[in-house]
Amino acid sequence: MESRGWLGWDVREAPRATEQQLQAVHPPEYVASVREHCEAARAFDADTPVVPASWEAGLRAAGAACAMVDALLDGTAATGFCGLRPPGHHAEPDRAMGFCLFANAAVAAEHALTRDGVDRVFILDWDVHHGNGTHAAFHSRPDVLFASLHQWPFYPGTGALGDTGSGEGEGFTINLPVPAGSGEPEWLGLVEHVVVPAARAFVPDLILVSAGFDAHRDDPLADCRLETDSFRHLALHVAALAGGLGVPAGALLEGGYDVDALADSAVATMEALESGGTPRSVDPGPLVQAAAERIGQFWPVA
Ligand SMILES: [Zn+2]
């Protein structure tokens, strides 16, 4: 991004999340335990080591997500992209895991919901892994529609198609597992034919994207086959959805482990969010049709 002049975007330093912002998702005892683990450099699990500086990084990742929400809702930015490390979508309200300390997207959504005029937030998670943290935060809630596309079966093991939320939140969780080897027919097809129609019917006031780039064919941690240009088209779907609804959309970085694919795909996403345009249309195959049938129990999808 730096070599591309940050695409001409404003570059803003991430503020620290406040205790109040974190505690909208995470219990105070959990926040304290993250601080203790970081200060002691005590790993949460094999994937989630920490050092003392991790505390500051975690605070600023969640804080950046909230600052982006404010910029979008204040109208000081037309769109936004948070280049966060650590990522957040595996952090459950009371559990750090999968490189994640705080659930950045969930914290951002909760922050948005504290603002006047924001009653509903839509979160699309296109990281190749299931966004179990965001899923857990809003599983029983009707004010956040959460849709996750993810390789399946795969880490972290959650996110079956049949898991559509609970209680008042029944139908407000959309899990869209895809098999290893999936590419644009599955990923773009599910977004076009399931995610976008459901989100449009939900009528959100804000759209957030948990933008991982580990479904890229070059990614060493997963087995999907998206191209850099595929992420442009995923983002074009988001931009078109946001434009049609007249609401802002911004993205937060999640996974992505091939550095060149990550950089190029993040730039493609940013360009698409800014420019908008017509996303590539794909015919719905059997996997998309099966998902549409299941999610069609709750939303008017094709
Ligand atoms: Zn991932």
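Only heavy atoms go into these numbers, but all of them, side chains included; no hydrogens, no water, no symmetry mates. One-based numbering, in listed order, for ligands and for the atoms of each.
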Check this for me, if you would: do R225 and E184 make a salt bridge, where the nitrogen-to-carboxylate-oxygen distance has to be below 4.0 angstrom?
no
Answer yes or no: is there an ion pair linking E56 with R16, defined by an N-O contact shorter than 4.0 Å?
yes
For the Zn ion (ligand 1), which N, O or S atom of [X] is at the shortest distance?
| X | result |
| --- | --- |
| H129 | ND1 |
| D214 | OD2 |
| D127 | OD1 |

For the CD atom on E170, are there more than 12 heavy atoms of other groups (residues, nucleotides or ligands in this structure) within a distance under 6.0 Å?
yes
Verdict with reasoning, R217 to E227, per salt bridge (charged side-chain N to carboxylate O under 4.0 Å, His left out)
CA-CA 6 Å; R217 66 162 59 245; E227 309 282 352; 2.9 Å; yes
